[in-house]
Amino acid sequence: MSGTKTTTSGGESKGRERPRLGIYGLTGCAGDQLLLIHTEDHLLDIFEAFDVRSFVMASSNPVEEELDVAIVEGSVSTEEQREHLLEIRKRAKILVAAGNCATAGGVQAMYAKDGSFAERMRRVYGDDVKFVTEPIEGSPLDEFVTVDYYLPGCPISQSQVLALLSRLLHGEQPEPYPHPVCHECKLRENRCLLLDKKFCLGPVTLGGCGAACPSNGVGCTGCWGPNPDGNFEEHFKLLQSFGMSKDEIIRRVRNYGGHKILQYIKDLE
Amino acid sequence: MSKTERIEIEPLARVEGHGGIRVEIKDNKVQNVEVRILEGPRLFETLVLGKTPEEDLSIVPRICAICNLSHKFAALRGLEKALGVTVPEATQLYRELMHHGEMLESHSLHLYFLALPDFLGYDNAIAMAEKYGDVVTKALALKKFANKVMRIMGGRMIHGENPILGGFGRLPDHRTLQQLREEAEGFLPFAMETIDLLASLEVPDYMERETRFLCLKPPHDGYGYYGDILLASDGKEYDVEDYKSVISERVVGHSFAKRGRYQDRPFTVGAIARVLNLGDRLTGKAREARDRLVNERWYRNPLYNNFAQAVEMVFSLEDMVRVIDRLLELDQPEIARPTRETGVGTGGVEAPRGILLHHYEIENGLTVSADIITPTAMFLDDVEAFIRRASESLLSKNELDNFELRLEMVARAFDPCISCSTHLVTVEFE
């Protein structure tokens with residue numbers, strides 16, 4: 001092995017301080033960090049524009065100091081991760097929750113607050129287990145810290161994360177995107193699956209995915225989490241008219257709804 | 001090192017997920033080696049209970065982003081067996097195309113961006129680009145192409161819902177297929193240049209020890225990434241439905257992860273296992289690549305897994321051409337329907353990092369039990385054994401420079417997927 005060591009960042013600072021960026025993963029599939037790595041054409045730009053201090057999925061030798069921006073993906077699923085998140089929050093001027101696990105808790109939070117976590121833990125791990133780090137039922141970041149910006153998605157959208165980084169780079173506020181999946185489905189001129197009485201959660205789900213699934217004729221699973229403007233009551237009635245039980249609809253909407261769905265279905269169950 | 005010393009490598013960088021390595025040394029002797037899995041539990045097997053196959057297929061790929069389509073493919077194979085679904089040839093070929101996309105995506109990411117910086121002495125691929133700009137640029141283009149295949153077949157770059165029970169929501173048109181075919185051919189010269197680059201590297205031997213290799217045997221004479229038979233490097237073959245008696249699971253004291261063992265010993269899965277067990281079935285450029293790179297040290301040295309990934313990239317590019325040529329002759333397939341609502345099935349697929357098994361029991365259309373065994377859970381014991389060997393040999397030769405990096409390289413060579421291994425049971429306990 002030959003080898004000169006170089007620093008984590010590729011580009012040289014050009015006249016002004018580049019914002020310090022840290023990218024972290026808690027518990028999840030690592031898809032949101034992977035999506036950043038998959039930005040091929042822009043990956044080098046990100047490393048050029050930001051001083052990437054920590055991104056252990058992509059680079060060795062992280063520098064864990066003050067940060068201008070921290071992007072955190074994954075749910076908080078252990079006590080150690082809760083402490084890590086609090087510690088990141090202290091160091092970061094801006095904290096961004098990236099992906100469904102960080103914003104809503106992820107699939108691992110589909111039974112959020114129904115009291116089954118302890119039983120399901122027992123089912124998998126058995127009794128009398130003492131953990132070095134106490135497990136926590138998958139929870140979104142904002143259960144423990146203040147989150148400045150949210151990038152929903154499972155996974156997040158490349159154009160949304162690049163837009164957010166560009167705004168932050170120029171000291172501007174990132175814009176929210178409060179549109180349902182239906183908005184993007186219409187823009188793609190798809191025939192509405194609900195007209196054919198197919199299950200689809202598009203009307204009550206946050207957009208940003210470009211209506212990825214309905215565009216292939218596959219109903220929306222709700223993986224970006226609830227759209228706050230969604231009319232849940234009416235949509236559930238519509239799905240019931242297709243012959244689905246309310247229990248099944250609620251079960252499905254919870255698959256990706258995590259903690260965030262609870263307020264929208266609490267009066268409908 | 002006369003007193004007790006603990007070497008901790010945490011976080012383990014350039015792998016997918018949160019892990020670490022701990023090595024305890026006393027009086028120059030290795031006392032204990034632990035590959036620590038620090039991700040929290042997600043309890044996936046409990047998440048699919050009471051769900052429809054449609055929901056299972058959406059939920060389980062969330063285990064891991066890098067190999068999400070392997071999870072989708074394995075779940076499809078398991079669920080379709082359980083429900084008596086037989087897919088037509090064209091659907092099977094579209095799935096192979098999809099899987100080639102993922103194999104190229106994962107291998108190109110791992111080889112060029114996570115592992116090659118070790119061989120060439122850099123912290124990451126961005127830093128490596130200063131001297132190896134051409135390689136990094138072409139590697140990014142190859143990865144982008146692979147992501148495109150995943151996007152087209154999966155329906156989205158990561159966690160697409162386009163593959164459904166019995167078929168696909170939407171299939172690419174012939175023009176798109178022809179474009180993919182051209183692009184695949186276009187990347188072959190770069191894949192072969194990579195073989196040249198690897199052939200020029202010196203591969204260190206500080207971790208070498210004998211092990212065994214398991215992979216799935218394709219249901220045809222060729223090389224491939226799925227099958228219903230487990231093939232071991234000792235020549236033995238087993239029905240995949242009997243996986244529980246072939247791969248025994250072991251609970252280790254320092255981690256709650258169950259570890260896979262074959263005949264009560266650690267084993268290796270992944271590209272290196274496939275190339276060693278199935279390499280004679282390779283043809284064309286992939287055969288040339290294999291003949292050029294494989295030597296008898298492969299059986300003892302996991303760093304060659306990175307070389308095996310390069311061989312498989314050549315194979316996948318060539319095989320994509322074959323698959324597309326055949327698809328262009330076939331009509332668009334119908335979606336195959338279940339013939340029953342109750343049944344049991346095990347789906348076996350080679351994920352980029354090795355054998356992935358999804359076992360489902362369905363009763364009246366709902367999941368009553370699920371068991372998912374991931375490649376990382378299978379090879380973790382072998383990673384520890386190789387790290388122990390590496391620590392011992394470096395200590396005995398008093399080669400203490402870059403000690404930690406050298407151990408990390410061994411772990412990284414396996415391309416561990418910690419999210420994958422963790423969905424089972426992997427919080428450490430005392």
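We name chains A, B, ... by the order of the sequence lines, and we start the count at 1 in each one. Just so it is clear, the values below take in all heavy atoms, side chains as well, and ignore hydrogens, waters and symmetry mates.
- Between chain B and the options A/G210, A/C154, A/S215, A/G138, heavy-atom pairs under 4.5 Å are most frequent for A/C154.
- Interface residue A/V107: backbone and side-chain heavy atoms are both found under 4.5 Å from chain B.
- Heavy-atom pairs under 4.5 Å with chain A were tallied for B/L201, B/V136, B/V203, B/L140; the largest tally goes to B/L140.
- Taking every heavy atom of both residues into account, B/E161 and A/C213 meet most closely at CG-SG, 3.2 Å.
- Nearest approach of B/A65 to A/A30, heavy atoms of both residues: CB-C, 4.0 Å.
- Of the inter-residue distances, the one linking B/K144 atom NZ with A/L43 atom CG reads 12.5 Å to the nearest 0.5 angstrom.
- Heavy atoms from other residues, nucleotides or ligands lying under 6.0 Å from CD of A/E189 number 12 at most.
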Can you check side chain to side chain contact (heavy atoms under 4.5 Å, CB included) on A/M110 and B/K51, steps first, answer last? CA-CA 12 Å; A/M110 65 171 68; B/K51 303 290 166 77; 3.0 Å; yes
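- Remark: A/D32 CG to B/I158 CD1 distance equals 7.5 Å, nearest 0.5 Å.
- Checked by atom type and distance alone, the side chain of B/R42 never pairs as donor or acceptor with a backbone atom of A/G106 at under 3.5 Å.
- Both the backbone and the side chain of B/I59 come within contact range of chain A, with heavy atoms under 4.5 Å apart.
- For a residue to count as touching a neighbouring chain, one of its non-hydrogen atoms must lie under 4.5 Å from one of that chain's; by this rule A/I136 does not touch chain B.
- Closest non-hydrogen pair, A/L34 versus B/L109, comes out as CD1-CD2, 3.6 Å.
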Quick one, A/Y256 with B/S58, criterion side chain to side chain donor-acceptor pair (under 3.5 Å). Give me CA distance, side-chain angles, the key distance, then yes/no.
CA-CA 10 Å; A/Y256 295 96; B/S58 168; 2.6 Å; yes
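- Within the model, atoms CG of A/L44 and OG1 of B/T137 stand 7.5 Å from one another, a figure rounded to the nearest 0.5 Å.
- The heavy-atom pair separating A/S77 from B/P41 by the smallest distance is O-CD, 3.9 Å.
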Any chance you could lay out the side chain to side chain contact (heavy atoms under 4.5 Å, CB included) test for B/E55 and A/T221, step after step, and finish with the verdict? CA-CA 8 Å; B/E55 289 168 277; A/T221 59; over 6 Å; no
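- Of the atoms belonging to B/R156, it is side-chain heavy atoms, and not backbone ones, that fall under 4.5 Å from chain A.
- Heavy atoms only, all atoms of each residue included: B/L43 and A/F117 are closest at CD1-CE1, 3.9 Å.
- Annotation for B/E399: atom CD counts as buried by contact number, over 12 foreign heavy atoms lying within 6.0 Å.
- Atom NE2 of residue A/H38 and atom CD of residue B/E105 lie 4.0 Å apart, to the nearest 0.5 angstrom.
- Between chain B and the options A/P155, A/G217, A/C101, the largest number of non-hydrogen pairs under 4.5 Å is found for A/P155.
- Contact count versus chain B (heavy atoms, under 4.5 Å) is highest, among A/V218, A/V76, A/N100, for A/V218.
- Proximity to chain B (any heavy atom under 4.5 Å) is shown, for A/Q33, by neither the backbone nor the side chain.
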Report task. May I have the step-by-step check of side chain to side chain contact (heavy atoms under 4.5 Å, CB included) for B/T52 and A/E248, ending in yes or no? Result -> CA-CA 10 Å; B/T52 58; A/E248 177 169 9; 4.0 Å; yes
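- In this structure, chain B has no heavy atom under 4.5 Å from any part of A/E137.
- Closest approach of A/R251 and B/G50 over heavy atoms only: NH1-O, 3.3 Å.
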